[in-house]
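Beneath this line is the structure, given in structure tokens, with notes to follow.
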Amino acid sequence: MAHEQGDDAVIFDGWMLIAASPGQRPEWTRGTWAVEDGRVARLARPGRADARGYAIPGMVDGHCHIGITDGGGAVGEAVQREQAAATLASGVTLARDCGCPVDNSWLARQGDGPALDFIHCGRHVARPKRYIRGLAVEVADERDLPGVLAAQAARSDGWVKLVGDWIDRSKGVDSDLEPLWSPPVLRDAVAAAHEAGARVAVHAFSHAAIDGLIEAGVDDIEHGSGIDADQADEIARRSILVAPTLAQVALFESFADQAGAKYPVYAATMRAMYEERREHFAMLADSGVRLVSGVDSGGYQKHGSIINELTLWQEAGMAPARIVDTATWGTRTALGRPVLTEGGTADLVVLAEDPRQDVIALARPLHVFAGGHHVG
């Protein structure tokens, strides 16, 4: 319902990607809109305009590591605040933590002030020496995995992060990416997390890990660079999310170079996935798999670099309009957050140019509103 604007309202005129009411699919709608008292509504009689252009729901980084910095080191609350601010400034208003060795849960408890909407998931869970040093809770006896995941679920906001595969260096020159967990243990662990009220996101690069993850009933595969077409069909049928993290896959060639002659099998695996990354992404996009946007920010990717990831999606052939849908309301819905609606909380980004023509428009936000607050 259109209404009169107050003197303190921020007025936007143009196209907005918005749903008429909760539960409906957002559509591009032309109008003049007021952001007032933290809510967005269409105006009955347009007057002044403080900004003109295109407005989208706040974007989502569904794979972030606030609390981790370049090289994988952990940082304290002061730097975490800087990382969250950089994320917000990029137009990302919702971020899901995908594992951090330090407690960043305070980000999810910031109250009603201008802040990043944050989903906290606790720490990575892995086997000893089968993940980046210092980041994971290490499970020496895999039979303990169900209890460990349940414990992580108890300290999270409904997600836990499992490491599904990693290089096994104990095999010398024959070392390659291999699954970390036996299928029965994996099934029991996923069931334990679900019983504790959490969904399970799993790091997985390799093809070899995917069948076990599907059968175990995981909820989200992060990276998924080894998924083949048949697996993609099954993933789509089971409504498992996939965060393709193309910016991270683009680093696989450098990982292969670092492995060199010491681990030639692993190097060949990583190089093959690097060379096939664009075609692989196109296959996922065409398969019906529900893709979610995620940067893998922290460590190798900078916080606030969502545009780098989405530009790679466009270069791999995805239409800009679909990218915008996926990176905004599509991923928000997948993570259980509400979409932008008329009369609802103002959580949106104002752009000068139409992102449906080229996602580079997303790199230049004019205004960012998060949780009803103007943050930039």
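Only this structure's heavy atoms are used, side chains among them; waters, hydrogens and symmetry mates stay out.
Atom CE of M318 and atom CG of L246 lie 9.0 Å apart (nearest 0.5 Å). Separating the CD1 atom in I18 from the CZ atom in R42 is a distance of 8.5 Å, to the nearest 0.5 Å. If you take CG on L116 and CD on Q80, they are separated by 12.0 Å, rounding to the nearest 0.5 Å. Once rounded to the nearest 0.5 Å, the distance linking CD of E342 with OG of S21 reads 8.5 Å. Rounding to the nearest 0.5 Å places OG of S297 at 9.5 Å from CD1 of I68. Residue S90 holds its OG atom at 9.5 Å from CD1 of I307, rounded to the nearest 0.5 Å.
Tracing side-chain contacts under 4.5 Å through hydrophobic residues (I, L, V, M, F, W, Y), one reaches I167 starting from V139; they form part of the same cluster. No chain of hydrophobic side-chain contacts below 4.5 Å, direct or via other Ile, Leu, Val, Met, Phe, Trp or Tyr residues, connects V60 to V339. With hydrophobic clusters built from ILVMFWY side chains whose heavy atoms lie under 4.5 angstrom apart, M59 does not share a cluster with I119. No continuous path of ILVMFWY side-chain contacts below 4.5 Å connects V92 to V292, so the two sit in separate hydrophobic clusters. Under the 4.5 Å side-chain heavy-atom criterion for ILVMFWY residues, no single connected hydrophobic cluster contains both V40 and W28.
The backbone N or O of G67 lies less than 3.5 Å from no partner atom in the side chain of N104, so there is not a single donor-acceptor pair. Here the side chain of D97 pairs no donor or acceptor atom with the backbone of H120 at under 3.5 angstrom. In this structure a side-chain-to-backbone donor-acceptor pair under 3.5 Å is missing from D219 to A201. In this structure, R187 contributes its side chain and A216 its backbone to no donor-acceptor pair below 3.5 Å. Put simply, the side chain of H280 gets close to the backbone of I227: a donor and an acceptor are under 3.5 Å apart. A donor-acceptor pair under 3.5 Å is absent between the side-chain atoms of H124 and the main chain of P101, judged by distance alone. Under the 3.5 Å distance criterion, the side-chain polar atoms of R52 are left unmatched by any main-chain donor or acceptor of G14. Formation of a donor-acceptor pair under 3.5 Å by the R332 side chain with backbone atoms of P338 is found in this model.
No hydrogens or angles considered: nothing links the side chains of T345 and D347 as a donor-acceptor pair under 3.5 Å. In summary, the side chains of Q83 and H65 do not present any donor paired with an acceptor at a separation below 3.5 Å, with no hydrogens or angles considered. Checked by atom type, the side-chain pair Q110/W106 shows no donor-acceptor distance below 3.5 Å. When only modelled atom types and interatomic distance are considered, T311 and Q314 share no side-chain donor-acceptor pair under 3.5 Å. No donor-acceptor contact under 3.5 angstrom links the side chains of T93 and D117, judged on distance only. There is a side-chain donor-acceptor pair under 3.5 Å between T245 and H223. Residues S175 and D168 have side chains that never bring a donor and an acceptor to within less than 3.5 angstrom of each other. Counted by atom type alone, H63 and D296 present one or more donor-acceptor pairs between their side chains at under 3.5 Å. For R109 and S105, the side-chain atoms include at least one donor-acceptor pair closer than 3.5 Å. In summary, the side chains of N308 and Q301 do not present any donor paired with an acceptor at a separation below 3.5 Å, with no hydrogens or angles considered.
With a 4.5 Å cut-off on side-chain heavy atoms, R364 and L351 do not count as touching. Residues L348 and I56 fail the side-chain proximity criterion, which asks for heavy atoms closer than 4.5 Å. Within the 4.5 Å cutoff, side-chain heavy atoms of H367 are placed close to those of H374. Here the side chains of M16 and L340 are in contact, with some heavy-atom distance below 4.5 Å. Q152 has its side chain out of reach of L162: every pair of non-hydrogen atoms, C-beta onward, lies at least 4.5 Å apart. Side-chain contact between V173 and V265 is absent, with no heavy atoms from C-beta onward closer than 4.5 Å. Two residues are said to be in side-chain contact when any heavy atoms from C-beta on lie closer than 4.5 Å; R238 and E215 meet this criterion. Residues I240 and I221 form a side-chain contact, since some pair of their non-hydrogen atoms from C-beta on lies under 4.5 Å apart.
For D37 and R39, the salt-bridge test fails: no basic side-chain N is under 4.0 Å from an acidic carboxylate O. Electrostatic pairing of R123 and E138 does not count as a salt bridge here, judged by no charged N lying under 4.0 Å from a carboxylate O. Note on D257 versus R271: salt bridge recorded, some NZ/NE/NH1/NH2 to OD/OE distance being below 4.0 Å. For the pair E178 and K171, the salt-bridge criterion is met [side-chain N within less than 4.0 Å of a carboxylate O]. Residues R30 and D13 are paired through a salt bridge, judged by an N-O separation under 4.0 Å between the basic side chain and the carboxylate. Look at R96 and D220 and you find a salt bridge, because one of the NZ, NE, NH1 or NH2 atoms lies within 4.0 Å of a carboxylate O, short of that distance.
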### Query
Would R277 and M273 count as a side chain to side chain contact (heavy atoms under 4.5 Å, CB included) if you check the C-alpha gap in whole Å, the side-chain angles of each, and the deciding distance to 0.1 Å?
CA-CA 6 Å; R277 67 194 185 283; M273 290 189 292; over 6 Å; no
### Query
Are F205 and H203 close enough, and set up right, to give a ring-ring contact (aromatic ring centres under 6.0 Å, His included), and what steps lead you there?
CA-CA 7 Å; F205 287 157; H203 161 101; 4.4 Å; yes
### Message
Walk me through whether I66 and F118 qualify under side chain to side chain contact (heavy atoms under 4.5 Å, CB included).
### Response
CA-CA 10 Å; I66 290 178; F118 189 71; 4.1 Å; yes
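In summary, the aromatic rings of Y266 and F255 are positioned with their centroids too far apart to meet the 6.0 Å limit.
Residue A51 comes nearest to V350 through the heavy atom pair CB-CG1, 4.2 Å, listed as atom of the first residue, atom of the second, then distance. Annotation for V160 and A198: closest pair CG1-CB, 4.1 Å, computed over non-hydrogen atoms. What you find for L362 and P355 is that their closest heavy atoms are CD2-CB, 3.8 Å. Nearest heavy-atom pair, A204 versus L213, reported as atom, atom and distance to 0.1 Å: CB-CD1, 3.7 Å. Closest of all the heavy-atom pairs between C98 and K161 is O-NZ, 3.1 Å. Between G99 and C121, the shortest heavy-atom contact is N-SG, 3.4 Å.
Within a 6.0 Å radius of CD in E195, no more than 12 heavy atoms belonging to other residues, nucleotides or ligands are found. Heavy atoms from other residues, nucleotides or ligands lying under 6.0 Å from CZ of R278 number 12 at most.
W329 pairs with exactly one of D325, T331, T326 by the side chain to side chain contact (heavy atoms under 4.5 Å, CB included) rule, that one being D325.
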